[in-house]
Amino acid sequence: MSAQWIWHYRDFEMYFTKKTLLGREERGRIVPAFWEVPNVPSLVRFRKTVNLETDESIAIYAEGKFLFLIDNIRMPEQSSYKISAGVHELECVVFNMTGMCALFVDGASIISDESWYADLYDDVFEAVGISPCCVDKTILPGDYTLPFRSIKPDSDITKNEERIVDFGKDTYVKLKLTNIAENAVIHVAYGESLEETYSDRCVIVDTVSCVKTAELPPRGCRFVRFWGETNFDLECLYQYNPAKDQSAYKGEKQLEDIYEISKYTLSLCSRFFLLDGIKRDKWPWAGDAYTMSRMSFYSFFDTETIKRTILSLRGNREVKTPINNVLEYSFYWVLNIKTYYDYTGDFDFVKRNYEYMKLLMAFYIERTDWKGFIPKINSSWIVIDWHDIEKDGYCCAVQMLYGKALKVMEFFAVQMNANEDEQYYRGLAKRIYQNVNEIFWSDVLNGYVSNYCDGKPSTQICHHQNCFAILFDYADDVKKEAIIENVYINPAVKEITTPFFKFFQYEAMYKCGLTKEIWTDIRSYWGRMTDAGAKTVYEEFDPDITGIEQYAMYGEPFDKSLCHAWGAVPVYAVGRYMAGVAPTEPGYKSFRISPYIGDEDYQITVPVLNGFISVCKNKNHLSVKTDISGGVINIETKCVKAEPNKLYDFDIDA
């Protein structure tokens, strides 16, 4: 075991959350987050008891300044100390006025690791935080950055007093400019489209003035346009998340293309945190993170980035507003911890966040009113989807998410052996489930309506709340059949246009056995996007809008993100719906493989905890292999226990 940097649990994530939320660029200015930015403490006390057989020397490094104590005796300020044989209590107080507090202790047996505890001088000691990112004592945790590698643009053309660099597709790049002429001024515009770089509403712009070299911050773009001075040397450095791609899909050409651009989109947006996109916000959003975590578990299995994002979104202990100041996003956060637990079995992470989950849910529970429903809270806004959903009064989709989050809390209370909590959350969830069906179900419209306002239910039927009704088990079998008939296959109900909510639509459809219809829709929606030339997945796509108008959103001509992570749904769909892989006990202690039997032939590799599953279909033949134990293969009417490292072959009626 080697020494590594340690800190008060959450501080690393909170420090980089602050950097992220205060780093959004927009037309030459910084636009800070629309919600509270978390703080990190300026003073942290680290403590450990050691029992040495012989004397030992240790070296101490800190981010900030430190005071070292042995057996409660303050030591002189120096970089190394000799600890005599015997039992000793070591204490190191780190203080930092401008950054985070972190500690690195390097000795033969005394090292900084998870065995240390830390508090904020409140006597609430807990195990320290660590990260595989921070194992080099010469690099302070607060200075950590994702790695870079050199890349070459597809083209770099200087013409008509301007220079256009095209990377061929969206990327995340740091530009280094050298050998700049004396007193030169260089104007820089980044764009996901070439047209954006010529617009006075270009989102990311910069100016380099009167320097011989310049290093611009990493930014998302496909094109970069320089004007003013254009004669300089340019080095392009791609910044990337080091998590390895562990998945693969080979099959029909259209689905291959869709799968690859989806996975590339996910990789670009999986940075230090799971971010919505690479150009505009570059923020973690709880709704996006929930779907991205699912996608990651079927591609990169990037548990570290998922954990960092979960901690980032929750922020500091006290709850003042909904997460992201979006009313329903706190519930996605709770659901995402359940997702993380299902795929990893990491119960320690659950335990360390259980109290934070309770505090967050208490914030809502204290504000419930009529029927136990969640009203609009202060300045928070309701998203659900970029869709004309009626949200005034009591929004049905919000209540459904709230009820599901209560059920997740009940589940975790059972795992925590917290009997009072279990009964408490079960009672609240039962009431919400009953009242949702009483207030929002319409026997006339055969579906759940969007909202209840001014003493009466809406008459609007949307896919959104009806997807949740099936996905979260609000609808019984009779209601499910009515929803399929009157919502899912009803052309009068407006289609979902964002990839974000396609995720929930597909989850509900899969639960109803409509797998073939999922693939038809993916080919239609994402297929038309790739046919239109997309190299990454857009935030929203309407095939009827073309030309420069397709880049507009939020009242701005180029604010639509052309690389938006919530659009990577096909990555999840291939592993979950086609290969049919899913854990049935946390951490893949047990799991099922239920491959899709359709017209398509395919070869799929899906990562799982500590292993892989491969599924191959070729005409009327199917083969399955897993290198971990605990699996059950379901093929048509067959159910076979899968032993590790054994190939299972099946003849099927395709």
Side-chain angles (χ1 to χ4, degrees), residues 12-26 30-33 37-38 100 131-134 139 141-151 167 169-175 190 192 203-204 215-222 236-246 261-297 299-315 324 336 340 500 535-537 539 561-568 571:
F12 184 56
E13 293 78 12
M14 294 307 100
Y15 182 69
F16 279 91
T17 298
K18 178 185 285 190
K19 281 188 171 184
T20 301
L21 297 183
L22 300 180
R24 171 179 169 176
E25 297 179 276
E26 183 181 277
I30 295 295
V31 177
V37 175
M100 63 177 287
S131 170
C133 300
C134 302
I139 301 175
D143 292 336
Y144 175 78
T145 183
L146 293 175
F148 295 89
R149 61 177 173 82
S150 181
I151 59 171
F167 293 98
K169 58 184 178 181
D170 272 24
T171 188
Y172 206 80
V173 65
K174 176 167 70 174
L175 302 178
Y190 297 75
E192 290 186 294
V203 177
I204 307 297
E215 187 172 301
L216 303 182
R219 288 161 171 155
C221 65
R222 172 179 169 175
C236 307
L237 297 172
Y238 171 62
Q239 188 182 43
Y240 62 96
N241 184 321
K244 303 295 185 183
D245 178 16
Q246 302 181 63
I261 72 161
S262 297
K263 189 158 57 173
Y264 181 63
T265 299
L266 179 63
S267 72
L268 282 179
C269 298
S270 298
R271 313 213 60 74
F272 188 79
F273 301 119
L274 300 175
L275 305 182
D276 59 339
I278 63 169
K279 180 183 76 171
R280 193 190 63 242
D281 293 7
K282 296 189 290 185
W283 289 336
W285 294 87
D288 306 48
Y290 174 68
T291 63
M292 290 177 72
S293 296
R294 294 290 189 100
M295 299 165 196
S296 181
F297 280 125
S299 52
F300 300 93
F301 214 91
D302 184 7
T303 57
E304 290 300 319
T305 305
I306 293 170
K307 284 193 295 183
R308 287 197 297 264
T309 305
I310 290 171
L311 295 179
S312 168
L313 285 162
R314 178 57 178 82
N324 300 127
N336 203 15
Y340 174 80
F500 172 63
K535 302 294 181 67
T536 46
V537 184
E539 183 174 9
S561 168
L562 304 189
C563 179
H564 218 70
W566 71 22
V571 173

| task | List the steps, then state whether side-chain contact (heavy atoms from CB on, under 4.5 Å) holds for D281 with L275. | result | CA-CA 8 Å; D281 293 7; L275 305 182; over 6 Å; no
| message | Let's go through V203 and E192 carefully: what are the C-alpha distance in whole Å and the side-chain angles of both, what is the deciding distance for side-chain contact (heavy atoms from CB on, under 4.5 Å) to 0.1 Å, and is it a yes or a no? | response | CA-CA 10 Å; V203 177; E192 290 186 294; over 6 Å; no
| query | Should S561 and D276 be marked as a side-chain contact (heavy atoms from CB on, under 4.5 Å) after you check the CA-CA gap, both sets of side-chain angles, and the distance that decides it? | reply | CA-CA 9 Å; S561 168; D276 59 339; over 6 Å; no
| task | Quick one: do E539 and W566 satisfy side-chain contact (heavy atoms from CB on, under 4.5 Å)? Show the steps, please. | result | CA-CA 7 Å; E539 183 174 9; W566 71 22; 3.7 Å; yes
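Contact annotation: the side chain of T265 approaches that of C563 to within less than 4.5 Å [non-hydrogen atoms, C-beta and beyond]. Under the 4.5 Å side-chain criterion, counting only non-hydrogen atoms from C-beta, L21 is in contact with P284. Side-chain contact between I306 and E304: absent, with no pair of heavy atoms (C-beta onward) separated by less than 4.5 Å. In this structure, the side chains of F297 and T303 come closer than 4.5 Å at one or more pairs of heavy atoms. The shortest distance between side-chain heavy atoms of D170 and C221 does not fall below 4.5 Å. Annotation: side chain of K282 is in contact with side chain of E25 (closest heavy-atom distance under 4.5 Å). At least one side-chain heavy atom of H564 sits less than 4.5 Å from a side-chain heavy atom of R280. Within the 4.5 Å cutoff, the side chain of F300 has heavy atoms near those of the S267 side chain.
Pairing each heavy atom of F12 with each of P141, the nearest pair is CE1-O, 3.5 Å. The two atoms that bring S312 and T17 nearest to each other are OG-OG1, 2.7 Å, heavy atoms only. Counting all heavy atoms, side chain and backbone alike, P218 lies closest to Q239 at CB-OE1, 3.5 Å. Here the closest heavy-atom approach between residue A286 and residue N324 is recorded as N-OD1, 2.8 Å. When all heavy atoms are compared, the tightest approach of T171 to I278 is O-CD1, 3.5 Å. Counting all heavy atoms, side chain and backbone alike, L237 lies closest to S150 at CD2-CA, 3.8 Å.
One finds the OH atom of Y172 at 13.5 Å from the CZ atom of F167 (value rounded to the nearest 0.5 Å). Here the straight-line distance linking atom CG of L562 with atom NZ of K279 works out to 6.0 Å at 0.5 Å rounding. Considering CZ of F272 and OG1 of T145, their distance stands at 9.5 Å, rounded to 0.5 Å. Taken to the nearest 0.5 Å, the CG atom of L216 stands 4.0 Å off from the OH atom of Y190. Note: M292 CE to T309 OG1 = 7.5 Å, rounded to the nearest 0.5 Å. For the atom pair I310 CD1 and E13 CD, the distance stands at 11.0 Å (nearest 0.5 Å).
With hydrogens and angles left out, the side-chain atoms of T305 and R308 include a donor and acceptor closer than 3.5 Å. Side-chain atoms of N241 and S270 include no donor-acceptor pair closer than 3.5 Å.
Within 6.0 Å of NZ on K174 lie more than 12 heavy atoms contributed by other residues, nucleotides or ligands.
The aromatic rings of Y144 and F16 sit perpendicular, their planes meeting at an angle over 60°, well past the 30° parallel limit. Between Y238 and Y240, the ring planes lie parallel to each other; the angle is under 30°, not in the 30° to 60° tilted range.
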